[in-house]
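Report on the structure given below.
Protein chains get the first letters and strands the later ones, always in sequence-line order, with residue 1 at the start of each. No experiment lies behind these values; they were computed from the predicted model shown.
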Amino acid sequence: MANKFTEYKGLNLPVVAEEILSYWEENNIFEKSVTSREGAESFVFFEGPPSANGLPGIHHVLARAIKDIFCRYKTQKGYQVKRKAGWDTHGLPIELGVEKELKITKEDIGKKISIVEYNEACKKAVMRYTDIWNNMTRRTGYWVDMETPYITYKSKYMESVWWLLKQIYDKDLMYKGYTIQPYSPKAGTGLSSHEVNQPGAYQDVTDTTVVAQFKTIKETLPEVLQNIDGDLHFLAWTTTPWTLPSNTALTVGPKIEYVVVKSYNQYTFEPINVVLAKNLVGKQFAGKFTKVETSEELEAYQQGDKKIPYLVTTEHKGSDLVGIKYEQLLDYVLPYQNPENAFRVISGDFVTTEDGTGIVHTAPTFGADDAKVAKEATPEVPPLLVLDEEGNPAPLVNLQGRFRPEMGEFGGKYVKNEYYTDGETPEKSIDVELAIKLKTENKAFKVEKYVHSYPHCWRTNKPILYYPLDSWFIKITDVKDRMHRLNQTINWKPKSTGEGRFGNWIAGANDWNLSRSRFWGIPLPIWRTEDGKEELIVGSLEELKAEIKKAIDAGVENKDVYADFEVGNMSEENYEKVDLHKHVVDQITLVSPSGKPMKRESDLIDVWFDSGSMPYAQWHYPFENKELIDKNENYPANFIAEGVDQTRGWFYTLHAIGTMVFDSVAYKNVVSNGLVLDKNGQKMSKSLGNTIDPFTTLDTYGPDATRWYMISNANPWDNLKFDLEGIAEVRRKFFGTLYNTYSFFCLYANIDNFTYSEAEIPLTERPEIDRWILSELHTLIKFVDESYADYEPTKAARAISEFVQENLSNWFVRLSRRRYWKGDYQHDKISAYQTLYTCMLTVAKLGAPIAPFYMDRLYKDLIQTTGKENFESVHLAQFPVYDKSFVDKSLERKMEKAQTISSLVLSLRAKEKIKVRQPLQRVMIPVLDVETKADITAVADLIKSEVNVKEVELLDDASGILVKQIKPNFKVLGPKFGKDMKAAAAAIMQFGQEEIAKIEKTGKITIEINGKSSTLGITEVEITSQDIEGWLVANSGGITVALDVTITDELRKEGIARELVNRIQNARKDSGFEVTDKIHVTLQKDEHLVDAINSNLDYLTTETLTAKLEFVDQLENGTEITFDEVNTVLFIKKM
RNA sequence: AGUGAUAUAGCUUAACUGGUAAAGCGUCAAUCUGAUACGUUGGCAGAUGAAAGUUCGAUUCUUUCUAUCACUACCA
């Protein structure tokens, strides 16, 4: 054990962090923080896997700090906190990165490059940045097991994912269907919404739009519409006329008002009866049309007239129109299934009357809303699918973006002119040609050009199509009620994210589209016969091998690609032998019960399913570590934390899988942290150049200041406006103060050889100020403990800062300084050391979760000489325990009064320009009650030394010189007076000294408010004294002080002596003398000085350790000193 | 478009269950200290995004609007 406390030359947080980091690593402190809690209750934490295909940003430091704080806190509280790092290794961003790097497109995969090579490239790319990530994690001080992380591309992980998927399948929660997805015909690939949302994807284009006339079938009209003269048409608008041949329904809003309008077609001039939303009549019948009120005016129309008349007739609710059937607009081909259910009016809530006609052309093959509403209708409206050459259902547009042969004269043509290669583009686009055709057939009400924004493929820059693609789905709609209910048991930080954003999202959740037509990911473990009638899902390697064997026996497969794999052998080597990625599993053909060959469904599983599987797959559940989940040892999580952007990502998939497979929440507490913005509140982005490099920040300021700043500046869930200046401030104020407090402590503790070897001084024997700071300390312990427990790190950080800066440094140490450097090593001094020591040791533990490095240094420095504790690190120690017996609220209140009074006196001094060094005779404080009087008496000594006055005099009422003020106590009087409160307040404010005196004397007064008289008690008002006649006063917080500013000759001399002491002390410091050195002082004679010194000789010599003092007439080699009217020269030397 | 969050001094943040707006940064000046830090005192500055409602009283509760941000979707 060292016998001195380590002293430092200065505070360098980055160096402290480096040293502590090596210490941790050399001594396996992290491992010990887990193993030392073996057998204790576990606190379960899940690490959300970052995708390592990009470089870490400053926001990752925040996210990591938040996770780390609670894990360290819970460790201190005695829990065992296992935390496994993880890597999300699959997914589109990685694939796109690799494609870019290899300069290939998706189509080239399997052609220019084999899938094996491609997947190999992805595997390499994904781990490329892991070193940088690991380094950032270490330097940030985030403790997580990076030695044995879970990696989503490992066979064990993938096997668990398969198992989970099979559970879901077995619960009948999976189906195959088609969905409308953004699709790029030129690139030949579906696009994820991620890709569609790339900047620049949406571009303004001018399209030909058509308002088409759909002719109703008379027999299906409701009675009220039966007797209309001539045909009745529905009007529906579209910006994509090429989808009109695929129309199978019209959708109306059930609550929207529709009208029948009589008019003439502007192209064929035939009389028409059309239906559209009432609100949109004006819009559709603009320009050439003119409104008329009678049938006569309408019938007067002649072809060639400038204006076409229109007459609004009957009104109908949308719901009344539902069920009406109409003739197919362009009758090239019928849906191959249930054509009898097509071409009718259905209802949909999404219909608005903002534009168009209030009737929506519905083509379920080319619109997501369309498909949804068609499916929900009873009976279901069939999409316009035909059977292709191979007998499979296909939409009217093929994968190249051309019309199918069924489209007659349009067959083979691209539906968008942009898809033609240069030079081959026809003059008229399909949209235009269709418009012309409709015009001539009296099927077009209006054709217009229209500018709107439309998504484009980011790779080919051609417009995308919404296209039906086959996909596997999970029936979230079947479990969303259960998910919703389970969500209500989760503690969200902030609450609104859980109830609002997440809750609403679940309530309106759609089925989860699992399929991804990519290469690098976990393959769907589903094998199907060609006709799709038989299928098999595989939930483990064991099952797969068994199925392969069956297939070999049946003769549909000739080899077992996993022949080397040994079922039941869980060793890494065994699992290294297999690869479950697409390029391998696609080779496998299985056999169906009826003996037919089955091929694997070619898609991959959405990567979000990978990460949502991590609670189980990280342990290779259920093949290994079964008890961790089944016995709830490591499931569900007590705590997870990620960015708010994961609400519908990881938070969602964890919750969905937990609900479906285990009927359990996957996590109990979740902190969703906000974004890190730049100091102006702008989003950080590479293009704006306002990103902040985490490594530079950590180098400059160190992780502790960075973490402390991030946590204390904003609540984790609020966006953080990140300003480097803020870190600098935290370093200066908080860490600087704490460091200096420690420096101060060890400077004197080392002189006095304090090693906490004396017995603990009982609380009752410690002076007031010690009991006060210990009371504050325990109040702090309680608050910080509760804040951490409640996932409120910001409150904890702010409270600790406040304590260290205000209470400990600026008040306790400041007022206690003399106790350390003066006097013998006795009772009071030992108490001072013990108290300060306890405070710092406690602060080290309280702050350790947030500032793990510096607090560990502080802790180790503090315990090295005392042996009070012998943990190797603060992170292995126990969290401080709150002890109520230390808390003395009245003491805290007294001290607060002392602070207020001191501050008032200092302000008066400043006003009068009297330096604090100049002693003054007395300060007077009017006190109106006994309690306050006792309070101030108790702290009078502190006040005297702090503001350098000799007496504190308390004036009670009898002095009769106080000018008082009265204020109503709103909180008490509000309910009593109600509406009359304003008048009452005014009346009370107007009380003169007499009334105030009366209420003080008798304890009550009667006043009249609005004709009613009522009695006021003394507790219903607040009386303060504002002024003392003839004195210099100041007041604040109900306390008034008066300062006697007369400087007598004696006081003046004392002031001079004090000033001189200050100069001598400075000289000692400048000369580098030890605090304990005795000195010889020589001064040049000065008339004011000599007198003053002689009157205060004792004070001066003891204060400065002056053993010998002499005056000389002339002093050459000293320091010139000038203050007030004194001019002298000072010279000191060591004795 | 939907959902959610946010809006307080030039900037960053406070204000317990509604009780009469607080700090810091900045800046100018003064000042304490045998603690290279931090402070202290004074000046400069906001009637809390807008409007309405509930209330004796609203930064706090309700409604509407505006702006910013995020997520998700989509544009017939």
Side-chain angles (χ1 to χ4, degrees), chain A residues 9-11 193 197 209 236-240 243 251 350-352 354-363 367-370 452-455 466 494 496-497 499-505 508 643-649 674-675 677 679-683 712-714 717-719 721 723 725-726 729 732-745 747 798 804-806 809-811 813-814 817 821 902-903 906-911 913 915-917 946 948 967 969-985 1062 1064-1066 1068-1069 1073 1075 1103-1104:
Chain A
K9 287 225 170 62
L11 175 65
S193 56
N197 285 333
T209 69
W237 181 55
T238 180
T239 54
T240 50
T243 61
T251 309
F350 66 94
V351 181
T352 65
E354 268 159 39
D355 48 21
T357 63
I359 301 172
V360 178
H361 147 59
T362 304
D369 266 346
D370 304 33
H452 63 145
S453 79
Y454 194 84
Y466 286 92
S496 62
T497 299
E499 285 174 359
R501 191 187 275 212
F502 194 68
N504 291 342
W505 168 251
V644 67
D645 52 330
Q646 293 297 331
T647 308
R648 286 162 195 184
L675 300 163
L677 308 171
K679 62 179 176 181
N680 300 316
Q682 295 286 310
K683 201 177 173 178
S712 63
N713 193 51
W717 40 89
D718 286 331
N719 290 343
K721 291 182 186 165
D723 186 359
E725 284 299 311
E729 192 183 323
R732 254 189 7 250
K733 292 212 167 161
F734 177 67
F735 289 99
T737 302
L738 189 54
Y739 162 79
N740 273 288
T741 306
Y742 170 77
S743 300
F744 174 85
F745 168 81
L747 176 65
R798 285 176 179 167
V804 168
Q805 291 171 68
E806 300 303 324
S809 172
N810 283 329
W811 197 251
V813 176
R814 187 182 165 83
R817 271 176 303 194
W821 78 64
S902 302
S903 152
L906 291 174
S907 112
L908 286 173
R909 277 179 169 277
K911 218 177 266 172
K913 297 203 187 302
K915 289 182 293 197
V916 179
R917 258 183 234 123
E946 178 64 10
N948 197 13
K967 213 175 97 178
N969 184 338
F970 284 96
K971 203 166 185 170
V972 179
L973 287 180
K976 181 171 170 183
F977 282 107
K979 282 197 191 338
D980 296 327
M981 187 61 214
K982 266 187 183 149
N1062 172 257
I1064 294 172
Q1065 300 288 35
N1066 285 340
R1068 286 181 61 116
K1069 196 158 51 163
F1073 294 176
V1075 177
E1103 199 71 13
T1104 58

Using whole Å, report how far CD of Glu946(A) lies from C1' of rG39(B). 10 Å

Candidates rA76(B), rU31(B), rU12(B) - which lies nearest the side chain of Asn713(A): rU12(B)

Using atom names, set out every protein N or O paired with an N or O of nucleotides 23-27 of chain B below 3.5 Å, distance rounded to 0.1 Å.
from	atom 1	to	atom 2	distance (Å)
rG24(B)	O3'	Lys733(A)	NZ	2.8
rG24(B)	O2'	Glu729(A)	OE2	2.9
rC25(B)	OP1	Lys733(A)	NZ	3.2

Is the phosphate of rU33(B) approached by Asn1062(A) (side-chain N or O, under 4.0 Å from OP1 or OP2)? yes

To the nearest angstrom, the CG-P distance between Leu747(A) and rA35(B) comes to 8 Å

For atom NZ of Lys915(A) and atom C1' of rU31(B), their distance in whole Å: 10 Å

From CG of Asn948(A) across to C1' of rU31(B) the rounded distance in Å is 13 Å

Partners passing ring pair (Phe, Tyr, Trp, His ring centres under 6.0 Å) against Phe502(A) (at least two apart in sequence or in another chain): Trp492(A), His655(A)

If you round to the nearest 0.5 Å, how far is OG of Ser902(A) from CZ of Arg909(A)? 11.0 Å

Touch check for Phe735(A), heavy atoms < 4.0 angstrom, all strands: base, sugar-phosphate only, or nothing? nothing

Could you go through the side-chain contact (heavy atoms from CB on, under 4.5 Å) check for Ile359(A) and Thr251(A) one step at a time? CA-CA 6 Å; Ile359(A) 301 172; Thr251(A) 309; over 6 Å; no

Of all residues at least two apart in sequence or in a different chain, which pass the ring pair (Phe, Tyr, Trp, His ring centres under 6.0 Å) check with Phe1073(A)? none

Counting side-chain heavy atoms from C-beta on, which of rA37(B), rU31(B), rU13(B) comes nearest to Ser809(A)? rA37(B)

Partners of Arg814(A) by side-chain contact (heavy atoms from CB on, under 4.5 Å), sequence neighbours excluded? Arg817(A), Glu946(A)

Strictly below 4.0 Å: does Arg917(A) bring a side-chain N or O up to OP1 or OP2 of rU33(B)? yes

Name the closest nucleotide to the Thr741(A) side chain, picking from rU6(B), rA35(B), rC32(B). rA35(B)

Side chain of Lys721(A) only, heavy atoms from C-beta on: which candidate in rA37(B), rU33(B), rU12(B) is closest? rU12(B)

Please pick, from rA76(B), rU6(B), rC32(B), the nucleotide with the shortest atom-to-atom distance to any side-chain atom of His361(A). rA76(B)

Picking from rA35(B), rC38(B), rA76(B), which would you name as closest to the side chain of Thr239(A)? rA76(B)

I need the CG-P distance between Leu11(A) and rA35(B), as an integer number of Å. 18 Å

Whole-Å distance between rU36(B) C1' and Gln1065(A) CD? 17 Å

Would the distance check show the side chain of Arg798(A) and the main-chain N or O of Asn713(A) forming a donor-acceptor pair, the cut-off being under 3.5 Å? yes

side-chain contact (heavy atoms from CB on, under 4.5 Å) evaluation trace for Phe734(A) with Gln805(A): CA-CA 7 Å; Phe734(A) 177 67; Gln805(A) 291 171 68; 4.0 Å; yes

Let me know the distance between CD of Gln805(A) and P of rA35(B), rounded to the nearest Å. 19 Å

Donor-acceptor pair between Ser809(A) and Thr737(A) side chains, under 3.5 angstrom: no

Does the side chain of Tyr742(A) get closer than 4.0 angstrom to OP1 or OP2 of rA35(B) through an N or O atom? no

Answer with base, sugar-phosphate or nothing: what part of the nucleic acid does Thr1104(A) contact at a heavy-atom distance below 4.0 Å? nothing

His361(A): which of Thr240(A), Thr243(A), Thr239(A) passes side-chain hydrogen bond (donor to acceptor under 3.5 Å, both in side chains): Thr243(A)

Rounded to whole angstrom units, what separation is found between the NZ atom of Lys9(A) and the C1' atom of rA37(B)? 17 Å

Sugar-phosphate only, base, or nothing, as touched by Asp723(A) at under 4.0 Å among non-hydrogen atoms: nothing

Is a side-chain donor or acceptor of Asn719(A) paired with a backbone partner of Gly674(A) at a separation under 3.5 angstrom? no

Taking only N/O atoms, report every protein-nucleotides 40-43 of chain B pair under 3.5 Å with atom names and distance.
from	atom 1	to	atom 2	distance (Å)
rU41(B)	OP1	Ser903(A)	OG	2.6

What base-paired stems does RNA chain B take part in, with at least 3 consecutive Watson-Crick or G-U wobble pairs and both distances under 3.5 Å? B:1-7 with B:66-72, B:10-13 with B:22-25, B:26-31 with B:39-44, B:49-53 with B:61-65

State which of rA76(B), rA35(B), rC69(B) makes the closest approach to the side chain of Trp821(A). rA35(B)

Verify, without hydrogens or angle tests, whether Asn740(A) (side chain) and Gly736(A) (backbone) share a donor-acceptor contact under 3.5 angstrom. yes

Nearest to side-chain heavy atoms of Asn740(A), which nucleotide of rC32(B), rC38(B), rA35(B): rA35(B)

Donor-acceptor pair, side chain of Thr238(A) and main chain of Ala236(A), under 3.5 angstrom: no

